[in-house]
Amino acid sequence: MDAKEVKSDLVLILDYGSQYTHLITRRIRSLSVFSLCITGTSPLKAITDHKPRVVILSGGPHSVHTADSPSFPEGFAEWAESNGVHVLGICYGLQLIVQRLGGEVGVGEKQEYGRMEIAVEKNSGLFGSKRVGDRQAVWMSHGDEVLRLPDGFEVVARSQQGAVAAIESRGRRFYGLQYHPEVTHSPEGMEMLRYFLFDICGVNAGWKMENVLDEEIKVIKSTVGPEDHVICALSGGVDSTVAATLVHKAIGERLHCIFVDNGLLRYKEQERVMATFKKDLHLPVTCVDATEQFLSKLKGVEDPEVKRKIIGKEFICIFDAFAHDLEKKLGKKPAYLVQGTLYPDVIESCPPPGTGRSHSHTIKSHHNVGGLPKDMKLKLIEPLKLLFKDEVRQLGKILDVPEGFLKRHPFPGPGLAVRVLGDVTKDSALDILRQVDEIFIQSIKDAGLYDTIWQAFAVFLPVRSVGVQGDQRTHSHVVALRAVTSQDGMTADWYQFDHKFLDHVSRKICNSVRGVNRVVLDITSKPPSTIEWE
């Protein structure tokens with residue numbers, strides 16, 4: 001199946017602000033069906049231009065009977081019906097369908113949050129071979145409920161409290177679920193989505209990473225002129241490395257990479273990643289050691305947002321100098337810049353509908369290489385911007401990026417600056433943190449846990465504690481350990497280590513790293529916390 005055929009089976013998700021919206025995208029892609037997510041208040045043309053086979057209306061925190069509640073555009077329902085597009089509303093999306101198509105939604109007598117049983121009330125395509133009376137556990141999260149259905153719709157499942165749980169209008173190809181099939185708390189949710197896409201909508205499961213590779217190479221070759229040169233800032237992480245390898249495959253030695261050692265890298269990071277770049281991937285990379293430049297500017301700075309901005313600014317200065325040196329060497333300016341932007345970055349940059357904002361809250365100021373000097377006039381190449389992290393790893397495997405490198409845990413752009421809480425130049429914080437982090441990560445690898453964990457790292461805390469070491473009272477530093485499991489980094493749970501493992505790691509850190517006498521464990525999920533501490 002070629003790329004055009006794959007795109008013809010696009011599932012488009014209209015996002016109304018649910019914390020689970022990205023999971024819908026992921027679940028559908030896991031079925032080898034391409035899916036994209038755009039804001040739910042997009043104009044009709046933005047929706048129709050994608051030519052989707054299926055449109056899913058996500059959940060959201062809003063109430064459809066309030067004046068400012070977000071909704072799909074005028075003409076959407078008519079367009080979907082006349083073009084044979086199937087529409088599935090989830091939670092708030094179901095209520096939107098009901099309210100906009102002539103039904104009624106009101107405040108429920110009993111709100112439904114969390115695990116709930118539903119029962120099939122009518123044989124329905126949504127539930128495949130399920131029979132009337134069959135029950136299943138689902139995850140509910142709603143305060144409003146359907147009071148009256150639009151013409152042509154019927155109830156096909158109800159909750160144990162009697163609320164409408166699923167509706168459909170087979171003739172109009174509109175369907176709705178009051179619960180969230182995309183979350184793991186709805187054990188049979190994937191089965192329902194699979195049946196809906198393949199049996200009801202007739203979608204083909206033909207989207208593969210090989211399609212992405214072939215299409216992106218074609219796009220890069222058609223975009224970059226035969227005499228154009230491209231530059232790329234390599235962070236040492238998976239995203240920028242896969243992006244650079246992909247572009248290198250497309251245009252060869254006209255790609256010019258730079259790797260900056262900012263003095264904020266992990267233990268022996270420079271020598272390890274440069275060996276991979278040159279020996280394994282044969283990428284054209286210039287390594288710049290700018291440790292003194294970065295640390296001198298960070299001296300005395302404690303605010304994490306200020307640290308991020310300083311680091312971003314210094315990267316830009318170095319990058320600008322690299323580009324000018326390259327221009328002198330080539331006799332012409334480089335035309336393009338490669339960035340390893342991922343789909344979660346795109347999603348997190350979009351504001352939740354109904355907030356009245358034109359942009360999202362600032363979560364991270366330093367992302368890739370933003371704020372480049374205007375005179376550089378570089379056009380962007382972002383070959384990974386529609387992919388999630390695990391999909392990037394799949395693509396990297398096809399590109400022969402070493403498996404050990406692909407499985408590396410994510411590392412923040414500002415490096416250890418956001419893992420040292422406070423001034424990075426005080427109290428030998430960076431040296432201590434590198435040693436602690438190396439012990440922690442190597443212990444995880446030795447225990448065979450590294451590939452199970454999405455991300456693990458140590459944090460240097462700006463506090464001292466009293467301890468007893470070598471029969472002497474000490475007043476030394478405290479470090480925290482953080483390890484999480486996740487699929488895409490947008491939500492995460494803390495990893496529950498065996499107590500013996502934690503005891504082993506704590507003892508080794510306190511006995512091996514001078515200046516540390518206490519180790520603590522971070523046991524918060526995302527949300528409410530972020531994965532990184534700053």
Side-chain angles (χ1 to χ4, degrees), residues 230-249 253 255-295 311-312 314-316 318-319 321-322 326 337-342 366-369 383-384 389-390 392-420 424 430-431 433-442 444-445 450-451 453-458 489 532:
V230 179
I231 55 180
C232 176
L234 289 169
S235 67
V238 174
D239 307 335
S240 61
T241 301
V242 172
T245 304
L246 177 57
V247 174
H248 189 241
K249 185 177 180 67
E253 297 306 303
L255 172 68
H256 308 272
C257 300
I258 178 174
F259 175 74
V260 179
D261 185 342
N262 57 4
L264 301 165
L265 302 179
R266 288 170 288 196
Y267 184 77
K268 293 187 177 180
E269 180 82 346
Q270 182 191 131
E271 59 187 81
R272 289 171 177 175
V273 298
M274 286 301 295
T276 298
F277 293 154
K278 293 193 171 184
K279 294 179 182 179
D280 297 317
L281 300 176
H282 309 291
L283 291 174
V285 184
T286 298
C287 181
V288 176
D289 189 339
T291 299
E292 180 58 32
Q293 179 175 337
F294 278 85
L295 297 187
I311 293 166
E314 293 308 308
F315 264 122
I316 290 167
I318 294 170
F319 197 70
F322 173 72
L326 187 61
L337 166 67
V338 180
Q339 287 193 337
T341 308
L342 301 192
H366 175 75
H367 173 65
N368 291 326
V369 185
L384 312 178
K389 190 79 173 188
D390 58 324
V392 172
R393 289 189 170 113
Q394 293 174 39
L395 184 61
K397 188 174 183 179
I398 298 171
L399 287 165
D400 293 324
V401 177
E403 187 174 6
F405 190 91
L406 289 174
K407 290 182 176 180
R408 297 184 86 206
H409 292 176
F411 188 63
L416 298 181
V418 293
R419 294 179 180 174
V420 172
V424 300
L430 291 170
D431 288 337
L433 182 56
R434 287 191 183 97
Q435 294 177 65
V436 172
D437 190 74
E438 180 71 7
I439 290 171
F440 184 37
I441 297 302
Q442 191 58 53
I444 288 173
K445 290 179 178 179
Y450 190 79
D451 295 344
I453 295 170
W454 164 265
Q455 190 174 9
F457 55 90
E532 296 287 348

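Because the structure is a prediction, the values reported are computed rather than measured.
Remark: S235 pairs with S240 by the side-chain contact (heavy atoms from CB on, under 4.5 Å) rule, at least two apart or across chains. Evaluation of the side chain to side chain donor-acceptor pair (under 3.5 Å) rule for H256 yields H229 as partners, not counting sequence neighbours. Remark: D437 pairs with no residue by the side chain to side chain donor-acceptor pair (under 3.5 Å) rule, at least two apart or across chains.
Residues F322 and V288 have side chains not in contact (no heavy-atom distance under 4.5 Å, counting atoms from C-beta outward). In this structure the side chain of L281 never reaches within 4.5 angstrom of the side chain of H248, judged on heavy atoms. Looking only at side-chain heavy atoms (C-beta outward), L406 and V392 stay at 4.5 Å or farther from each other. In this structure, the side chains of L384 and L395 come closer than 4.5 Å at one or more pairs of heavy atoms. A heavy-atom distance below 4.5 Å is found between the side chains of I318 and I258. Side-chain contact between I231 and F319: present, with at least one pair of heavy atoms (C-beta onward) separated by less than 4.5 Å. Between Y267 and L433 the shortest side-chain heavy-atom distance does not fall below 4.5 Å. V436 places none of its side-chain heavy atoms less than 4.5 Å from the side chain of R419.
A distance of 11.0 Å separates CZ in F457 from NE2 in H409, rounded to the nearest 0.5 Å. Separation of atoms CD (Q442) and OH (Y450) is listed at 10.0 Å; rounding is to 0.5 Å. Going from atom CG of L283 over to atom CG of L255 covers 7.0 Å, rounded to the nearest 0.5 Å. A distance of 7.0 Å separates CG in N262 from OG1 in T291, rounded to the nearest 0.5 Å. Going from atom CG of L264 over to atom CZ of F294 covers 7.5 Å, rounded to the nearest 0.5 Å. Here the straight-line distance linking atom CG of D451 with atom CD1 of I444 works out to 11.0 Å at 0.5 Å rounding.
Look at E403 and K397 and you find no salt bridge, because none of the NZ, NE, NH1 or NH2 atoms lies under 4.0 Å from a carboxylate O.
The shortest heavy-atom contact between P410 and Q455 is O-NE2, 2.9 Å. Here the closest heavy-atom approach between residue A456 and residue I441 is recorded as O-CD1, 3.3 Å. For the pair G263 and L430, the tightest heavy-atom approach, listed with the atom from each and the gap, is O-CD1, 3.6 Å. When all heavy atoms of A243 and G340 are compared, the pair lying nearest together is CB-CA, 4.1 Å. Nearest approach of L265 to R434, heavy atoms of both residues: O-NE, 2.7 Å. Taking all atoms of both residues into account, the shortest heavy-atom contact from V424 to A417 is CG1-CA, 3.8 Å.
Pairs of residues two or more places apart, or lying in two chains, that qualify as salt bridge (Lys or Arg N to Asp or Glu O under 4.0 Å) and include a residue from residues 257-268 are R266-E269. Screening residues 277-291 for salt bridge (Lys or Arg N to Asp or Glu O under 4.0 Å) gives no qualifying pairs among residues at least two apart or on separate chains. Applying the salt bridge (Lys or Arg N to Asp or Glu O under 4.0 Å) test to residues at least two apart or on different chains, the pairs with a partner in residues 234-246 are D239-K389.
Relative orientation of the F277 and F259 rings is perpendicular, given thresholds of 30° and 60° on the angle between their planes.
Looking at R272, its side chain never comes within 3.5 Å of a backbone N or O of G236 through a donor-acceptor pair.
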Open item on the list: Please determine whether salt bridge (charged side-chain N to carboxylate O under 4.0 Å, His left out) holds for the pair D390 and R393, giving the CA-CA distance in whole Å, both sets of side-chain angles, and the decisive distance to 0.1 Å.
Closed with: CA-CA 5 Å; D390 58 324; R393 289 189 170 113; over 6 Å; no
